[in-house]
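What follows is a single structure, written as structure tokens, with notes after it.
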Amino acid sequence: MHGPSFQRVTIMKPPIFGIRPTGNTAQQYMHRARMFSAAAMKLTDYSNAEQNWPRIALLTHGIELALKAYHHYSIETGKPSGKEPSNHDLNGWYQLALGYGLKDEPNLAENIDILNELHRSHYSRYPQHLANVPDVSNVADATLEHLIATFTPSINPR
């Protein structure tokens with residue numbers, strides 16, 4: 001009887017001299033948001049007719065990181081620090097960004113609202129019962145792409 005077949009995975013060795021993160025805190029958060037976005041884009045939207053929850057988790061965490069990048073950018077450019085919401089509270093971080101001058105956009109606010117419950121409850125990471133789970137695959141993509149495009153000119157000026 002034959003056991004399961006495994007593919008050999010080649011793991012790259014780390015560089016001899018590792019690169020330390022560069023840039024200010026806002027730039028590091030934005031870079032990390034882009035990394036989560038890039039990782040998510042390599043995954044399919046659905047797995048066995050179900051939303052690909054690891055992909056959604058990557059995207060919603062990328063959204064959180066982008067909003068936190070804007071928070072750090074705002075403080076670094078002289079705005080007084082607002083009260084930080086709890087981690088994983090996308091609505092709270094979005095409201096804080098609005099307080100720093102982010103333009104309120106109805107579609108963006110709606111998307112954040114939809115994604116917030118899934119992100120705060122850790123639904124995308126752990127199975128649990130929620131009464132209504134919307135299809136958020138396109139919503140999460142569009143929201144993260146929009147935030148990165150909106151914040152990049154300020155946080156990473158060229």
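Every heavy atom of this structure was used, including side-chain atoms; hydrogens, water molecules and symmetry mates were not.
The main-chain N or O of Arg158 is never found under 3.5 Å from a side-chain atom of Asn156 such that the two would form a donor-acceptor pair. Side chain of Arg120 to main chain of His88: no donor-acceptor pair is present (N/O by atom type, distance under 3.5 Å, no hydrogens or angles). In this structure a side-chain-to-backbone donor-acceptor pair under 3.5 Å is missing from Ser37 to Ala33. Not one N or O on the side chain of Asn52 forms a donor-acceptor pair closer than 3.5 Å with the backbone of Ser47. Checked by atom type and distance alone, the side chain of Gln27 never pairs as donor or acceptor with a backbone atom of Thr22 at under 3.5 Å.
Residues Leu58 and Ile114 do not share a hydrophobic cluster, clusters being chains of Ile/Leu/Val/Met/Phe/Trp/Tyr side chains in contact below 4.5 Å. Residue Ile148 is grouped with residue Leu98 when hydrophobic side chains (ILVMFWY) are merged at heavy-atom distances under 4.5 angstrom, including chains of intermediate members. Phe36 and Phe151 fall into different hydrophobic clusters, where Ile, Leu, Val, Met, Phe, Trp and Tyr side chains are chained together by heavy-atom contacts under 4.5 Å. Neither Tyr29 nor Ile112 shares a network with the other; the hydrophobic side chains, linked directly or stepwise wherever heavy atoms of I, L, V, M, F, W or Y lie under 4.5 Å apart, form separate groups for each. Linking ILVMFWY side-chain heavy atoms closer than 4.5 Å, directly or via other members, places Met35 and Ile56 in two distinct hydrophobic clusters.
The OG atom of Ser154 sits 9.0 Å away from the CE atom of Met30 when rounded to the nearest 0.5 Å. The CH2 atom of Trp93 sits 10.0 Å away from the CG atom of Leu65 when rounded to the nearest 0.5 Å.
Each of Leu144, Asn91, Thr60 was scored for a side-chain contact (heavy atoms from CB on, under 4.5 Å) with Leu115, with one residue passing: Thr60. Screening Glu64, His71, His72 against Lys68 for a side-chain hydrogen bond (donor to acceptor under 3.5 Å, both in side chains) leaves a single residue, Glu64.
In this structure, a donor-acceptor pair under 3.5 Å is present between the side chains of Asn111 and Thr143.
Thr44 is not listed as a side-chain neighbour of Arg55, based on a closest heavy-atom distance of 4.5 Å or more.
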Worksheet item: Under the side chain to side chain contact (heavy atoms under 4.5 Å, CB included) criterion, do Asp113 and Tyr94 qualify, and how do the steps go?
Response: CA-CA 9 Å; Asp113 193 46; Tyr94 180 68; over 6 Å; no
Item to complete: Show your reasoning for whether side chain to side chain contact (heavy atoms under 4.5 Å, CB included) applies to Asn24 and Tyr73.
Response: CA-CA 9 Å; Asn24 59 36; Tyr73 163 78; over 6 Å; no
Discussion item. Pair Leu96, Leu67 - check side chain to side chain contact (heavy atoms under 4.5 Å, CB included), show working.
Written reply: CA-CA 9 Å; Leu96 189 60; Leu67 290 167; over 6 Å; no
Worksheet item: Val136 and Leu59: side chain to side chain contact (heavy atoms under 4.5 Å, CB included), yes or no, with the steps?
Response: CA-CA 10 Å; Val136 294; Leu59 292 167; over 6 Å; no
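Between Tyr70 and Tyr100, the ring planes are perpendicular. Angles over 60° get that label, and only those under 30° would be called parallel.
Residue Ala140 comes nearest to Ile63 through the heavy atom pair O-CD1, 4.0 Å, listed as atom of the first residue, atom of the second, then distance. Across Thr150 and Pro153, no two heavy atoms sit closer than the pair O-CD, 3.5 Å. Counting all heavy atoms, side chain and backbone alike, Gly92 lies closest to Pro85 at C-CG, 3.3 Å.
The number of heavy atoms from other shown groups lying within 6.0 Å of NE2 (His31) does not exceed 12. Within 6.0 Å of CZ in Arg34 there are more than 12 heavy atoms belonging to other residues, nucleotides or ligands.
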